[in-house]
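The next block holds one structure in the form of structure tokens; read it before the comments.
All chains are named by letter (A, B, ...) in the order of the sequence lines, taking the proteins before the strands, and each is independently numbered beginning at 1.
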Number of protein chains: 2
Amino acid sequence: MALGKDYNGQDCTLSRALELLGERWTLLVVQNAIYGVRRFSDFQKRLDIPKAVLADRLANLTEGGVLERRPYQASPPRYEYVPTEAGVELWPVIYQLGVWGKRHIGGEPPRLFRHAECGGDLLPSTDCVRCGPLHPGDIEMYPGPGPKRDDPVSRAMNRPRRLLEPLVPEAS
Amino acid sequence: MALGKDYNGQDCTLSRALELLGERWTLLVVQNAIYGVRRFSDFQKRLDIPKAVLADRLANLTEGGVLERRPYQASPPRYEYVPTEAGVELWPVIYQLGVWGKRHIGGEPPRLFRHAECGGDLLPSTDCVRCGPLHPGDIEMYPGPGPKRDDPVSRAMNRPRRLLEPLVPEAS
DNA sequence: GCTCCTTGGTTCGGTCAATGAACTCACTGG
DNA sequence: CCAGTGAGTTCATTGACCGAACCAAGGAGC
């Protein structure tokens, strides 16, 4: 999908968005970034994705302005990937696709969402049922009935926490 | 993405949705179905997609309950693909991804949307700015400033028309 | 000072999917 | 009888994805 053989000749803005986001794994990477995953190895633990593919996706998303790559320590240079404003604005798309999957494909969701302030549920639009539109940072994620992965990153993610809050896995 | 090598081990409903919808071309096929494209050859004219891939995507979407394949004539048996209720419910996702692409990747949209009854613009959520939530059938699509394809199907699509209304290309 | 471990990748062969061109088949209209 | 259309299928080539192995730059332990 990436270079050359893209959605050339397509005339809609959707095709341009899909050129960046439509590859395998890409939206799942963005989803986890919004859930608070920051580091290369944590993405890898949670997604079980080949490292070469993950490196490619992170580079594309960084170049596309969805994630920002920034150093979090200097001595061995290490980088983390955080969602930009553009990345955060993908939250409604990601949430709604998840809701659609639950409704039409089935299965229980492993995590649920509510307005952190008032505890209100989210509408399919990501609005709070009581308070209206929410910024993702005001949404709390908490464990639901569905199956959960059992790696350190996923375990950290299954404690109640806000979206965008950096995720720190337990020290193994 | 399709068989076997899927998002196995992923625990979220998003990954299940992407298993059906995340392949190359799939969301563009659904988008065009919502825009009113019905026939195999019309999808092909508008998307410039290899026929083998189009046949595969239509079969997957039909099996996944997003499109319905139904005969529109019997003598040489011919079928058309129409969005199911589940397919129509993908409209907010498709619209929002398009809006995101316009905002963050740029480019002018070839088609715009408004509430057919009152002429009001759409919010990013697909709600009418004046009247609130809309069914896709109440949304009118009309030409915008962006570039347009120049095939018979796209020309028919660039006349003002409602979503979901079957598209009949000019008789060449 | 030496060795092992962790993080964040890169390289590589094998496999799987996408592409475009050619072909099929059942009609239909002239 | 012949060309044309709609809806595909078949096939060889190219590109993408996969998992495993490898690499490099620091620590940590001894």
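Cluster membership for B:Leu61 and B:Tyr79, using ILVMFWY side-chain heavy atoms within less than 4.5 angstrom, is not shared.
OP1 or OP2 of C:dG8 sits under 4.0 Å from a side-chain N or O of A:Ser41. Distances shorter than 4.0 Å separate some side-chain N or O of B:Tyr81 from OP1 or OP2 on D:dG8. Taking 4.0 angstrom as the limit, B:Tyr72 places a side-chain polar atom (N or O) nearer than this to OP1 or OP2 of D:dA7. For the OP1/OP2 pair of D:dA25 and a distance below 4.0 Å, the side-chain nitrogens and oxygens of A:Ser75 include no atom meeting the criterion. OP1 and OP2 of C:dG8 both lie 4.0 Å or more from every side-chain N or O belonging to A:Arg69. Contact between the side-chain N/O atoms of A:Arg24 and the OP1/OP2 oxygens of C:dA17 is not found at any separation under 4.0 Å. Checking the phosphate oxygens (OP1, OP2) of D:dA16, no side-chain nitrogen or oxygen of A:Trp25 falls inside 4.0 Å.
Straight-line distance from the CG atom of A:Asn60 to the P atom of D:dA16: 11 Å, rounded to whole Å. Atom CD of B:Gln73 is separated from atom P of D:dG6 by 10 Å (rounded to the nearest Å). The nearest whole Å value for the distance from the CD atom in B:Glu19 to the P atom in C:dA17 is 12 Å. Rounded to whole Å, the distance from CD on B:Gln44 to C1' on D:dG8 is 10 Å. Summarising the geometry, the separation between CZ on A:Phe40 and P on C:dG8 is reported as 8 Å, rounded to the nearest angstrom. Rounding to whole angstrom units, CG of residue A:Asp56 and P of C:dC12 are separated by 17 Å. Atom CG of B:Leu54 and atom P of D:dG8 are 8 Å apart (whole Å). When rounded to the nearest whole Å, the span between CG of A:Leu28 and P of D:dC17 equals 14 Å.
Paired with B:Asp42 under the rule salt bridge (Lys or Arg N to Asp or Glu O under 4.0 Å), one option of B:Arg38, B:Lys45, B:Arg46 passes, and it is B:Lys45.
Each of A:Pro77 and B:Lys45 was matched to the nucleotide of DNA chain D holding its nearest heavy atom; the match closer to the 5' end belongs to B:Lys45. Residues A:Arg57 and B:Leu58 both approach DNA chain D. Their nearest nucleotides, taken by heavy-atom distance, put B:Leu58 toward the 5′ side.
With respect to the salt-bridge test (charged N to carboxylate O, under 4.0 angstrom), the residues B:Arg114 and B:Glu140 qualify. A salt bridge links A:Arg162 with A:Glu117; the closest basic N to acidic carboxylate O contact falls under 4.0 Å.
Rounded to the nearest 0.5 angstrom, B:Arg57 CZ and B:Leu67 CG are separated by 13.0 Å. The CG atom of A:Leu97 sits 7.0 Å away from the CG atom of B:Leu90 when rounded to the nearest 0.5 Å.
Contact annotation for B:Val53: base contact, defined as any heavy-atom pair under 4.0 Å involving a base atom. Note on A:Ala52: a base of the nucleic acid sits closer than 4.0 angstrom, heavy atoms only. Nucleic acid contact for B:Phe43: none, since no nucleic acid atom lies under 4.0 Å from a heavy atom of the residue.
Judged by distance alone with a 3.5 Å cut-off, no donor-acceptor contact links the side chain of A:Arg78 to the base of C:dG8.
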